[in-house]
Chemist: 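The following block contains the structure, expressed as structure tokens.
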Amino acid sequence: MAPPIGNAAKAKQADPVLTRIVQQDHVPWYRKRNLRTLYALLLPCCIGIEMTSGFDSQMINTVQISPAWQQYFNHPKGALLGIISAAYNLGAICALPFVPYVNDTFGRRWAIFLGSWVMVLGSAVQAFSMSAAMYVVARWILGFGIPFCIIAGSSLMGELAYPKERPIMTSLFNALYFVGALVAAGVSFGTQHLDSDWAWRIPSLLQAGPSMLQIVFIFFIPESPRFLVSKDKRDEAYSILIHYHAEGNSQSDFALAEMAQIESTINLELQYSQRSWLDMVSTPGMRKRVLVGSFLGLFTQWSGNTLISYYLSDLLGLIGYKDPNFKGKVNVGLNGWNLINATAVSLLVRRFPRRVMYLTCATSLLCCYVGWTVAMQQFLDQQTQVAAKITIFFIFAYQPCYNIGYNALTYTFLVELFPFAQRARGITIFQFFGRGAGFFTTFVNPIGLRSISWRWLITYCCWLAFEIVFIYFMFPETYGRTLEELAFLFEHDARAEEVRQRVEKQLQRELGEFDFDFDKGSVNRRSDTPLIPRVKTTITAGGKERVIDGRWESGGWAGDEHSRWP
């Protein structure tokens, strides 16, 4: 794997001690009873959060095909249609200042619970809207609730999952967007034949479905161990790690090592953190994280995806397809195709470095948009049916290209990019730029398509070219590390070394007599007896050899310690 260049090359990674220990565990998750239970519960209340976003984007896309919706709201066009679609993102932007406070004060579960109830309220108001203004307000309420759930859910997923499955679980978080989208497309397609207002009111009511699942199941799963450690609830956090990551084995050396790494890293993070927004710009390392997270938010919404998600009906109309039945079938097929390839890509994220996947994503998107632009121009100039079919081909080809990076890796990368103390605020900044970009594009897309037709697609081609350059020079590589090993990705080496020393000392206190090799990443007890009169062991870390000669006493570790370069 080629090393990153430019500013990305400055990213540092701690010695992957726990990662190497995890790699020695060859027992798959489905053979671990407690871990199976955890993942089954995470499915409806965390992984399923993005189903609400997917449902919303496709519902507002599909109801535009419905004659009943068009007639009830007097065939909205231009700015009115834009604000109806964009109000969802506007509500999300308004909620963002409050999200980190709720996350860091009350925990991930309560944030999901609160956000879910807000979205249930929004769904009810939307279903019983009496005017376009009421409909816009309802969509604002829905948007206000979703960031609480997304930011808390993505963090909770990354912080609860076993390190080996964490990339897959956080990638599936975004992939289930298309479950909601497919259900919404199917339901709206089925109800559009109803000769009444219920053709669009029924899908609006059903939008509350994923939120109701989260309300019912959220307190069946444990709180984030990292959040508990930050609130001085060490014993509760440790019991969660033992139960789910060590299958209830209280003597697990892995659980001890993981707890030592989490506790030492978070305590050091909090020591240097004010737990405020100033943290996000106080150091060069955090400013780099904010820059990368902000542009990632722009990339996820300015890569042309909102054009398909919200205005597929208009796009198909431009290339001569006016039949609502045909549009509905294309929409259902597109979302089914999305679900298949997004899930497949999510299951492969452990095999490829993050930068490789992002560069592949952006480059392939640029190729799709260039082909799509040419095909649409040919149809509008020459009215050839072949050009129309090629346009539909590129719309379908676009989806797996987008899912390679901006769907599968988004929250996986964000959870890895930001350390615990700033994670909620970091993802909030990503959401701010993503929602802002989404609001802008959903508002201006119908205006651009109506004003300059196929030339509007050229703006996306230019932006995608910029994305490739930015990713190449600025994105750090976070592949193959635990969250704690990435905590000081951009900081001075001294921070990572301080954490390593704290972890070593805590392991010495907890394990007593042991063999711990940082280069091989192994932890092995020499004896099961807790009575250890004296220990002499060698720990190798980062090319430096430390010899500890001491004994375990009731008050802690006592003895001599000296270091030397080999």
Chemist: Go through the structure and list residues passing side chain to side chain contact (heavy atoms under 4.5 Å, CB included) with Glu236, not counting sequence neighbours.
Modeler: Leu228, Lys233

Chemist: Is it true that Arg166 and Glu159 make a salt bridge, defined as a side-chain N closer than 4.0 Å to a carboxylate O?
Modeler: no

Chemist: Who pairs with Phe430 by ring-ring contact (aromatic ring centres under 6.0 Å, His included), at least two apart in sequence or on another chain?
Modeler: Tyr411

Chemist: Return the CD to CH2 distance between Gln126 and Trp200, rounded to the nearest 0.5 Å.
Modeler: 8.0 Å

Chemist: What's the spacing between Gln301 CD and Leu296 CG if we round to 0.5 Å?
Modeler: 10.5 Å

Chemist: Between Phe113 and Phe148, does the ring centroid distance fall short of 6.0 Å?
Modeler: no

Chemist: Are Ser346 and Ser171 close enough that a side-chain donor and a side-chain acceptor fall under 3.5 Å?
Modeler: no

Chemist: Less than 3.5 Å apart, any donor N or O on the side chain of Ser53 or Glu50 sitting next to an acceptor on the other?
Modeler: yes

Chemist: For this output row, return yes or no: ring centroids of Tyr358 and Phe299 closer than 6.0 angstrom.
Modeler: no

Chemist: Which residues satisfy the side chain to side chain donor-acceptor pair (under 3.5 Å) test with Arg425, sequence neighbours excluded?
Modeler: Asp104

Chemist: Heavy-atom count around Phe396 CZ within 6.0 Å, excluding the residue itself: above 12?
Modeler: yes

Chemist: What do you reckon, are the aromatic ring centroids of Phe418 and Phe413 less than 6.0 Å apart?
Modeler: no

Chemist: Do Ser154 and Leu414 make a side-chain contact, defined as non-hydrogen atoms from C-beta onward lying under 4.5 Å apart?
Modeler: no

Chemist: Roughly how far apart are Met59 CE and Gln207 CD, rounded to 0.5 Å?
Modeler: 4.5 Å

Chemist: Could you tell me which residues satisfy salt bridge (charged side-chain N to carboxylate O under 4.0 Å, His left out) with Lys164, sequence neighbours excluded, listed by chain and number?
Modeler: none

Chemist: Out of curiosity, Leu156 CG to Ile151 CD1, how far, rounded to the nearest 0.5 Å?
Modeler: 13.5 Å

Chemist: Are the charged groups of Arg234 and Glu263 less than 4.0 angstrom apart, N to O?
Modeler: yes

Chemist: Aromatic rings Tyr101 and Phe106: how do their planes relate, parallel, tilted or perpendicular, breaks at 30° and 60°?
Modeler: perpendicular

Chemist: Checking Asn341 against Gln399: is there a side-chain donor and acceptor pair closer than 3.5 Å?
Modeler: no

Chemist: Taking the side chain as everything from C-beta on, heavy atoms only, tell me whether Tyr406 gets closer than 4.5 Å to Asn305.
Modeler: no

Chemist: Do Arg435 and Tyr88 come within less than 4.5 Å of each other through their side chains, counting heavy atoms only?
Modeler: yes

Chemist: Mark yes or no: Lys32 above the aromatic ring of Tyr162, with NZ or CZ under 6.0 Å from the six-membered ring centre and no more than 45 degrees from the axis.
Modeler: yes

Chemist: Using the test side chain to side chain contact (heavy atoms under 4.5 Å, CB included), find all partners of Thr441 that sit at least two apart in sequence or belong to another chain.
Modeler: Trp302, Thr306, Asn445, Tyr460

Chemist: Taking only residues two or more places apart in sequence or in another chain, which ones pass ring-ring contact (aromatic ring centres under 6.0 Å, His included) with Trp29?
Modeler: Tyr39

